[in-house]
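These notes are about the structure you will find just below.
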Amino acid sequence: MNSWPSDFRPVTVGIGQLAVTADPKVVLVAHGLGSCVGLSVHDDVSGVAGLVHVLLPESEGRVPGEKEPARFGDCAIPALLNAVTKAGADRRKLVFKIAGGAAVLGSANNSRFKIGERNVEAVKRYLKEAGFRCAAEEVGGTSGRTMEVYGGPAGKVLVRTATSEAKEL
Amino acid sequence: MTVEAAEQALGILDRVAIEGAARAERSLTELMGQEIRIHAPQVRIGTELDACEAVGGPDTLVLGSYLSVAGDVTAHVMLLFPVPKALEIVDLMSGQDLGTATEVDDYARSAIGELGNIVGSAFINALADAAKLILHPSPPLVVHDMANALVTSVYAEILQQGSVVMIDTVFEDGNGNIAGLLVVAPDPECMPQILEIVQ
């Protein structure tokens, strides 16, 4: 059940991946975020939008692979900032939104599956350290989410679950 | 876990997987009254994407069950079916005509939970026997969500500690249709212990 019109081109942003677009006919999609976190960024003047799909909060010394620069929260934010500014976004215009960080298996074992919560905390913390804040969020809970980020000046961000319609974040 | 240890673990889990699949196949065939085939399971250092492809892609809505395993070692077991296939299985399990179950209600959830118990136990017992371990599966948690959200949440849990060594296997019914996906993954920190006992 995709939300985008048929003439739009979806770009899947898999685990650890980062994508940037300024094309108003492109939608960046992070499918089925469970404990993972999607962080979007948009600059409405240049129309540049970006999305990262974070798996774990901290790299703890591990170096993310070239194709997965956003695997860890601490590496994801500098990588995203770098990519959108390179694409022409103005650092002062950036608006960030977060989705995901659910505990989809939460009730199975309370001491485990806290990663969703930790991912959200980490992403917000590293965002703050970089001098930004999060403008909107749809996080926590027990349902998986799909996040869609549209390129171009409008820069719409939609979030949907398996059972709910897409809503704008 | 080092790469060598992970590769060694793959070999051992291979044998466990084959035995687990044989046990699960017998239980299911008996239960369903029709032959259910479980493909020779693949044991590998897993990636989340191919796991999701097996049930129809990351956004596919699945119904299934999750068991956490405690005892001498800890592990995760997850059995997932695309919803239409899960409902077919509910009909088969209850001896109803196909098409009787049309929604994910309490009855369907309870049947799929029971199925997770049967299949999960077959694999957990195979592992317990091979490695002479005492293992206790939790009661099944029935899950109904996007495939990717479920699979990656288990992966994230495991990846905190090391590589994911997992058994995943595809189920096939009498008509050769792909039915579902089973993921069995011991916690990486337990692998050295399993290796030591088995050798």
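So that the names make sense, note that chain A is the first sequence line, chain B the second, and so on, each numbered from 1.
Atom OG1 of A:Thr163 is separated from atom NE2 of B:His144 by 7.5 Å, given to the nearest 0.5 angstrom. Note that CD of B:Glu157 is 9.5 Å distant from CG of A:Leu56, once rounded to the nearest 0.5 Å. We find the CG-CG distance between B:Leu141 and A:Leu105 to be 6.5 Å, quoted to the nearest 0.5 Å.
Sequence neighbours left out, the pairs with a member in residues 20-48 of chain A that pass salt bridge (charged side-chain N to carboxylate O under 4.0 Å, His left out) are A:Asp7-A:Lys25. For residues 101-122 of chain B, there are no salt bridge (charged side-chain N to carboxylate O under 4.0 Å, His left out) pairs, not counting sequence neighbours.
Using a 4.5 Å heavy-atom threshold, the side chains of A:Val104 and B:Val143 count as separate.
Remark: A:Glu168 CD is packed, more than 12 non-hydrogen atoms of other residues, nucleotides or ligands lying under 6.0 Å away. Within 6.0 Å of CD1 in B:Ile134 there are 12 or fewer heavy atoms belonging to other residues, nucleotides or ligands. Few gaps surround CZ on A:Arg125; more than 12 heavy atoms of other groups in view lie less than 6.0 Å from it.
Chain B forms more heavy-atom pairs under 4.5 Å with one residue of A:Ser143, A:Gly144, A:Gly32, A:Gly34 than with any other, namely A:Gly32.
Here the closest heavy-atom approach between residue A:His31 and residue B:Asn148 is recorded as O-ND2, 2.7 Å. When all heavy atoms of A:Thr161 and B:Met146 are compared, the closest pair comes out as C-CE, 3.5 Å. Nearest approach of A:Ala162 to B:Asp145, heavy atoms of both residues: CB-OD1, 4.1 Å.
By the criterion of side-chain heavy atoms lying less than 4.5 angstrom apart, applied directly or through intervening Ile, Leu, Val, Met, Phe, Trp or Tyr residues, A:Val54 is grouped together with A:Val84 in one hydrophobic cluster. Hydrophobic clustering, with ILVMFWY side chains joined whenever heavy atoms are under 4.5 angstrom apart, groups B:Val77 together with B:Val73.
Contacts between A:Leu33 and chain B at a heavy-atom distance below 4.5 Å involve the backbone alone (N, CA, C, O). Both the backbone and the side chain of B:Leu150 come within contact range of chain A, with heavy atoms under 4.5 Å apart.
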